[in-house]
A.B. asks: 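This structure is in structure tokens; I'll ask about it shortly.
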Amino acid sequence: MSDQITLTLPDGTPLEVPRGTTALEAAEKIGSRLAKAAVAAGVDGKIVDLSAPISEDAKFAVYTFDSEEGKHVYWHSASHIMADAVMQLFPDAKPTIGPSIEDGFYYDFEVSQAFTEDDLRAIEEKMQEIIKADEAFSCTVEEKPEAEKLFEQKQNRYKLELIDEIEDESVSLYQHGEFVDLCRGPHVPSTGRIKHVKLLSVAGAYWRGSEANVMLSRIYGTAYPSKEQLEEHLHLIEEAKRRDHRKIGRELDLFSFHEEAGAGLVYYHPKGAMLRHLITEFATSEHIRRGYEIVRTPHLIKSDIWMTSGHAQQGYPMYYTEVEGQSYGIKPMNCPGHILVYKQHTRSYRDLPIRYFELGTVYRHEKSGVLHGLLRVRGFTQDDAHIFCRMDQLTDEITGVLRFADDMLHAFGFEEYEVFLSTRPEKSIGADRVWEEATEALKGALEANGLTWEIDEGGGAFYGPKIDIKMKDAIGRLWQGPTIQCDFNMPERFDMTYVGEDGQEHRPAMVHRVVLAGIERFMGVFIEQCAGEFPMWVAPVQVKVLPINDRNFDYAQEVAHRLRCEDMRVEVDTESGTLGNKIRQGEMEKVPYMLIVGDKEQEAGKVAVRKRGEGDLGQTDLAEFIEQVLPETKPDARYCAVVQ
RNA sequence: GCCCACGUAGCUCAGUCGGUAGAGCGUGUCCUUGGUAAGGACAAGGUCACGGGUUCGAAUCCCGUCGUGGGCUCCA
């Protein structure tokens, strides 16, 4: 047996090192800067501590903070340091779990008194001390009974529960300073590796995420190797606050909620209602162009229908009422209504596909704690449609929806999105075989369209699997957007049929789909996406005319009239005040164009154009301005269906 | 629904130890008629979310309800 082993680096380069070399030593051989930045290593795809000796030929990678793996290790180590700090300050706390998450980490504790925001500063300071002490992280492997003894001593039933579930005979423990934690690892070599820490918030969280369990106290935090990175992250949080649709909704006077009138129910003000009108008008015309027919169904439907559909038995969060002794349910979905319309006639295979579209307003009894601005409400309207088709048409139909969704997202400025395939949830109806078939249909359409997707296990609707499209906004956040659900269960339950070429009755397939999805939610996301600076074609007010002097009022009205003749949405600022003040007002209202008209413009039949984000563009003829901006007032034709 | 925090003028927020409220913006009136992000003066505007309780006295302390926020869970 040779004393040398060969490590294969990610680029394929071989690296000869003595057997038993640690990952850190190997990293040093590659480069001292790399070794310094290293937080963990990969050996044959497994993430290990830098102190781990390597005893055989292996694929070898060094992970720095810049990699996904590195971030995970870095943040997970930071969570241990936080737990240590908490234990020093609150010796009675019981640490439970503390993983890394997308942008940082959290740790959940059982405490008699939940942490407050004020505690964070003290904990953060204690963390700084631990970091400064640069205590080494060490890993020991203990037999399960030994580990159990340790956590029994600490009276930590959470860790005991975790140990109980580990299948191996032994478990690993990580220690730095006095703090020992059950942990799979790996960790950075020492606490000093964690540089810039920030604790962000406290929150309640159930043990293991189940509401049947006790409520723990969670602290969220993040950490970065450089101050700049931390500040960039904090800046992103600020930016998200700046874009908050609830704030912008108030500032731009778009919508409101009313405590005395019920939570989660939206009141649209004129500008918000105009925005909504423009969005839904565009969505509706695109549906018509793409072969959908508009239908309209009642909000109140006898509960028997909700039994047939399965909503009632599934415990779907509905509102019920009684009319002359009969139980009725307010619709949480539009599908049963569309099914009733379908069933009104005997359908032939020649009729299919049938695509029913409805701007369907639905109500769902969402738990009070989940309500959130426009993003989570109790009453909302979907751009909902149901496609009834033959099995041989299914892939084409799903493809059509995928393209439709792609167009619509682009039309609203969402350039990127991610696709998820959500499979059967626990609470669901129908035979396994039916679910498999439906899932395959969705998968087939995704493949046929060359899309890549991730699986969301158990994320489907109760009646069928679905494709979820999550759109990425201007600052990289993902939002639930279009969904396409493939359903063979409802047609069965409602005994839907069509007559085939063979003269026999067949069962149609059903596709439930929304593109903008909940209009309220879409508006919320859209507001955050553009930070209230709506593109011209959906801006509630497109042009504001600012007369400089009372003498210019009539001319300003004339300009406004000319623009309105071109179907533009115009306001005239007739307030008394300085031009500077009027401009400031217009800027805060985020109006795309301001036309300033003073004596000079009035005499020449011109307007002085000021564009949002660009400022003063100088004088131009009114006719010329109209000609220039008119194309902007319409949705981007590239994303509209071609009308034959 | 659960945990924690919060709720004061239309909005953003002060309000100390329990002694019945303040600012800025906005609004109204008047003055000002202005050239690319705030002209000036005066005025109006609050059952301190709501309902109980403790107290001589509650915006302030306690309980409940409603609502909001951060999460958990759920979801378009």
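Because the structure is a prediction, the values reported are computed rather than measured. Sequence lines set the chain letters: A, B, ... in the order given, protein chains first and strands last, and positions in each chain run from 1.
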A.B. asks: Using the six-membered ring wherever Trp is involved, compare the ring planes of A:Phe357 and A:His287 and label them parallel, tilted or perpendicular (cut-offs 30° and 60°).
C.D. replies: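 Geometry flag for A:His287 against A:Phe357: parallel rings.
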
A.B. asks: Taking only the side-chain nitrogens and oxygens of A:Tyr220, find out if one of them lies under 4.0 Å from OP1 or OP2 of B:C72.
C.D. replies: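 For B:C72, OP1/OP2 do have a side-chain N/O of A:Tyr220 under 4.0 Å.
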
A.B. asks: Would you say A:Asp119 and A:Phe90 make side-chain contact, with heavy atoms under 4.5 Å?
C.D. replies: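 A side-chain contact exists here, since the closest heavy-atom pair is under 4.5 Å.
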
A.B. asks: Determine the contact category for A:Ala517: base if any of its heavy atoms lies under 4.0 Å from a base atom, sugar-phosphate if only primed atoms, P, OP1 or OP2 are that close, otherwise nothing.
C.D. replies: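 Since only primed, P, OP1 and OP2 atoms lie under 4.0 Å of A:Ala517, the category is sugar-phosphate.
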
A.B. asks: The side chain of A:Ser576 is closest to which nucleotide in this list: B:G70, B:G39, B:C75?
C.D. replies: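 Nearest to the side chain of A:Ser576 among the choices is B:G39.
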
A.B. asks: Taking the inter-plane angle between the rings of A:His245 and A:His372 on a 0 to 90° scale, is it parallel (under 30°), tilted (30 to 60°) or perpendicular (over 60°)?
C.D. replies: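 If you compare the ring of A:His245 with that of A:His372, the planes turn out tilted.
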
A.B. asks: Of the residues in residues 268-275 of chain A, which ones touch RNA chain B at a heavy-atom distance under 4.0 Å?
C.D. replies: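 Contacting residues: none.
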
A.B. asks: What contact category does A:Gly373 fall into here, base, sugar-phosphate, or nothing, at under 4.0 angstrom with non-hydrogen atoms?
C.D. replies: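 Answer is sugar-phosphate: A:Gly373 comes under 4.0 Å of backbone atoms only.
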
A.B. asks: Need to verify one output field. Residue with the more 5' nearest nucleotide on RNA chain B, A:Tyr316 or A:Leu216?
C.D. replies: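 Result: A:Leu216.
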
A.B. asks: Checking base pairs now: Watson-Crick or wobble, both atom distances under 3.5 Å. What partners B:A41?
C.D. replies: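 Partner of B:A41: B:U29.
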
A.B. asks: I want to know whether A:Tyr319 and A:His365 have ring centres closer than 6.0 Å.
C.D. replies: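 For A:Tyr319 and A:His365, the ring centres are under 6.0 Å apart.
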
A.B. asks: Given B:C75, B:G70, B:G1, identify the nucleotide with an atom nearest to the side chain of A:Ser201.
C.D. replies: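 Selected nucleotide (nearest to the side chain): B:G70.
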
A.B. asks: Any residue in residues 582-604 of chain A with a heavy atom nearer than 4.0 angstrom to RNA chain B? Just list them by number, or reply none.
C.D. replies: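 By residue number: A:Ile583, A:Arg584, A:Glu587, A:Ile596, A:Gly598, A:Asp599, A:Lys600, A:Glu601.
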
A.B. asks: With rounding to the closest Å, how many angstrom separate the P atoms on B:U12 and B:U54?
C.D. replies: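 After rounding to an integer number of Å, I get 35 Å for this pair.
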
A.B. asks: How close or far is atom P of B:G26 from atom CG of A:Asp573, stated in whole angstroms?
C.D. replies: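 To the nearest whole Å, that distance equals 13 Å.
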
